[in-house]
Structure formats: C-alpha cells, structure tokens
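Here the structure comes first, spelled out in structure tokens, and everything after it is commentary.
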Amino acid sequence: MLEKIRIGKASLTDFEEIDKFDIFAGDRKAEIQREECYVATHEKIITGYVTFDYTFYGRPFIRFLCIRPDFKRKGIANKIMEFVEQICEGKIIFSSTESDNLAMIKLFEKREYKISGVIENLQIQTKIVYCKDLTSSLP
C-alpha cells in the first residue's frame with residue numbers, strides 16, 4: 001500500500017506517460033483537454049489514471065480506470081475511486097466493467113457499488129453496469 005499518492009487533473013504533458021500503460025482503445029488526449037482525466041502520482045511517477053464525465057444520462061460515470069502494471073495491487077485504484085466519489089457532483093455514480101474483470105468487480109464490491117444492470121452483445125464479454133449511492137456513504 002502506497003501512502004503518498006497524489007491525485008490531480010491530468011495535463012497534456014502527462015499524455016505520453018499515460019499512453020505507455022493505457023490498455024483502452026483510443027488515447028486520452030480528448031479527455032485531458034476536456035479536464036475529465038485525473039492522474040495518480042507517487043514520487044512524480046504517474047501510477048494510474050481515471051476518466052469520468054457526466055454523459056451517462058447526465059450522471060457521473062467513471063469511464064476508464066487504469067493502473068500502471070508495476071503499481072497494481074498497491075491500493076491505487078481504491079484511492080482513485082475514493083477521490084472521484086468525493087469530487088463528483090451527483091447523488092449516484094455509475095461505472096461498468098466486463099464480466100471477466102475480477103479485479104475491478106472486487107473493487108466495486110469493496111467500495112459498495114451495486115449491480116445496476118448488464119449489457120449483452122456490446123463486446124465479447126458481458127458488460128456489467130455498477131452504481132453507488134453516494135448519499136449513503138456521507139458522514
């Protein structure tokens with residue numbers, strides 16, 4: 001578990017580093033330019049990123065979450081999710097993952113996300129949509 005993780009808005013100067021470990025289709029330039037991309041850093045190394053927006057029926061939606069391979073299993077994804085939950089504007093936040101992505105499914109369960117639905121025939125694997133009621137986790 002890394003304690004000194006900082007999370008902040010990504011800039012175009014971060015793109016090259018993000019692109020080295022980004023597993024998702026496309027690139028993150030557009031999300032960075034729209035200020036929808038945030039990076040997690042440890043000792044000036046980008047350890048992961050998240051993109052989220054409000055285009056899912058006007059609700060907050062975590063679109064991409066990716067951790068640099070040599071920093072996986074160190075609690076970074078959990079910290080990023082916590083960060084997004086704190087800064088997003090909305091009572092409910094949504095995200096999704098493929099049915100075979102056990103690491104992400106476990107993270108959703110740990111963070112108390114509930115299954116909201118499934119989408120078949122979009123990709124090879126079934127897409128599972130998750131949501132979390134943020135008002136129930138307020139102090």
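Note that the structure is predicted; figures quoted are calculated from it, not measured.
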Quiz item: What's the verdict on side-chain contact (heavy atoms from CB on, under 4.5 Å) for Leu65 and Ser95, showing C-alpha distance, side-chain angles and the deciding distance?
Solution: CA-CA 10 Å; Leu65 173 62; Ser95 191; over 6 Å; no
Exercise. Show the numbers, then the answer: is there a salt bridge (Lys or Arg N to Asp or Glu O under 4.0 Å) between Glu109 and Lys106?
Key: CA-CA 5 Å; Glu109 290 171 355; Lys106 287 182 181 180; over 6 Å; no
Quiz item: For Leu107 and Thr97, what are the C-alpha separation, side-chain angles and deciding distance, and is it a side-chain contact (heavy atoms from CB on, under 4.5 Å)?
Solution: CA-CA 11 Å; Leu107 179 60; Thr97 194; over 6 Å; no
Practice problem: Verify side-chain contact (heavy atoms from CB on, under 4.5 Å) between Ile45 and Arg68, making sure each step is shown before the conclusion. | Solution: CA-CA 10 Å; Ile45 299 170; Arg68 186 182 185 123; 3.6 Å; yes
Practice problem: Start with the C-alpha distance between Phe108 and Lys132, add both sets of side-chain angles, then the distance that settles side-chain contact (heavy atoms from CB on, under 4.5 Å), and finish with yes or no. | Solution: CA-CA 9 Å; Phe108 283 135; Lys132 181 176 183 178; over 6 Å; no
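Side chain of Tyr54 to main chain of Glu89: a donor-acceptor pair is present (N/O by atom type, distance under 3.5 Å, no hydrogens or angles).
Put simply, Tyr38 and Phe56 are part of two different groups of oily side chains (I, L, V, M, F, W, Y) that touch within less than 4.5 Å, one to the next. Under the 4.5 Å side-chain heavy-atom criterion for ILVMFWY residues, a single connected hydrophobic cluster contains both Met81 and Ile128. Val50 and Ile18 are members of different hydrophobic clusters when ILVMFWY side chains are connected at heavy-atom separations under 4.5 Å. In this structure, Ile105 is not a member of the same hydrophobic cluster as Val129, with clusters built from ILVMFWY side-chain heavy atoms closer than 4.5 Å. If you chain together hydrophobic residues whose side chains sit under 4.5 Å apart, Ile80 and Ile62 fall into the same group.
Atom NZ of Lys79 sits about 8.0 Å away from atom CD1 of Ile7, to the nearest 0.5 Å. Gln33 CD to Glu35 CD: the interatomic distance, rounded to the nearest 0.5 Å, is 10.5 Å. Interatomic distance, Cys37 SG to Leu12 CG, rounded to the nearest 0.5 Å: 10.0 Å. To the nearest 0.5 Å, the span separating CD on Glu31 from CG on Asp27 amounts to 7.5 Å. A distance of 12.5 Å separates CD of Glu82 from CD1 of Ile5, quoted to the nearest 0.5 Å. Note that the CD1 atom of Ile32 and the CG atom of Asp14 stand 6.5 Å from one another [nearest 0.5 Å].
Atom CZ of Arg111 has more than 12 neighbouring heavy atoms from other residues, nucleotides or ligands inside a 6.0 Å radius. With a 6.0 Å radius and a threshold of 12 heavy atoms from other residues, nucleotides or ligands, Ile124 has its CD1 atom at or below the threshold. Counting non-hydrogen atoms of neighbouring residues, nucleotides and ligands closer than 6.0 angstrom, the CG atom of Asn121 reaches no more than 12 such neighbours. Around CD of Gln123, the count of heavy atoms belonging to other residues, nucleotides or ligands within 6.0 Å exceeds 12.
Between the side chains of Ser99 and Gln125, at least one donor N or O lies within less than 3.5 Å of an accepting N or O.
Across Phe15 and Arg28, no two heavy atoms sit closer than the pair CE1-N, 3.7 Å. Across every non-hydrogen atom of Phe52 and Cys88, the tightest pair is CE1-CB, 3.7 Å. Ile67 approaches Lys72 most closely through the heavy-atom pair O-CE, 3.4 Å. Shortest non-hydrogen contact noted between Ile92 and Asp133 is CG1-CA, 4.4 Å. Nearest heavy-atom pair, Thr41 versus Thr47, reported as atom, atom and distance to 0.1 Å: N-OG1, 4.1 Å. Nearest heavy-atom pair across Leu134 and Gly90 is CD1-O, 3.7 Å.
Annotation: side chain of Glu98 is in contact with side chain of Lys127 (closest heavy-atom distance under 4.5 Å). Side chains of Asp70 and Phe21 form no contact here, defined as non-hydrogen atoms less than 4.5 Å apart.
Residues satisfying the ring pair (Phe, Tyr, Trp, His ring centres under 6.0 Å) criterion with Phe24, sequence neighbours excluded, are Phe64.
Aromatic rings of Tyr130 and Tyr113 (six-membered ring for Trp) have centroids beyond the 6.0 Å cut-off, not under it.
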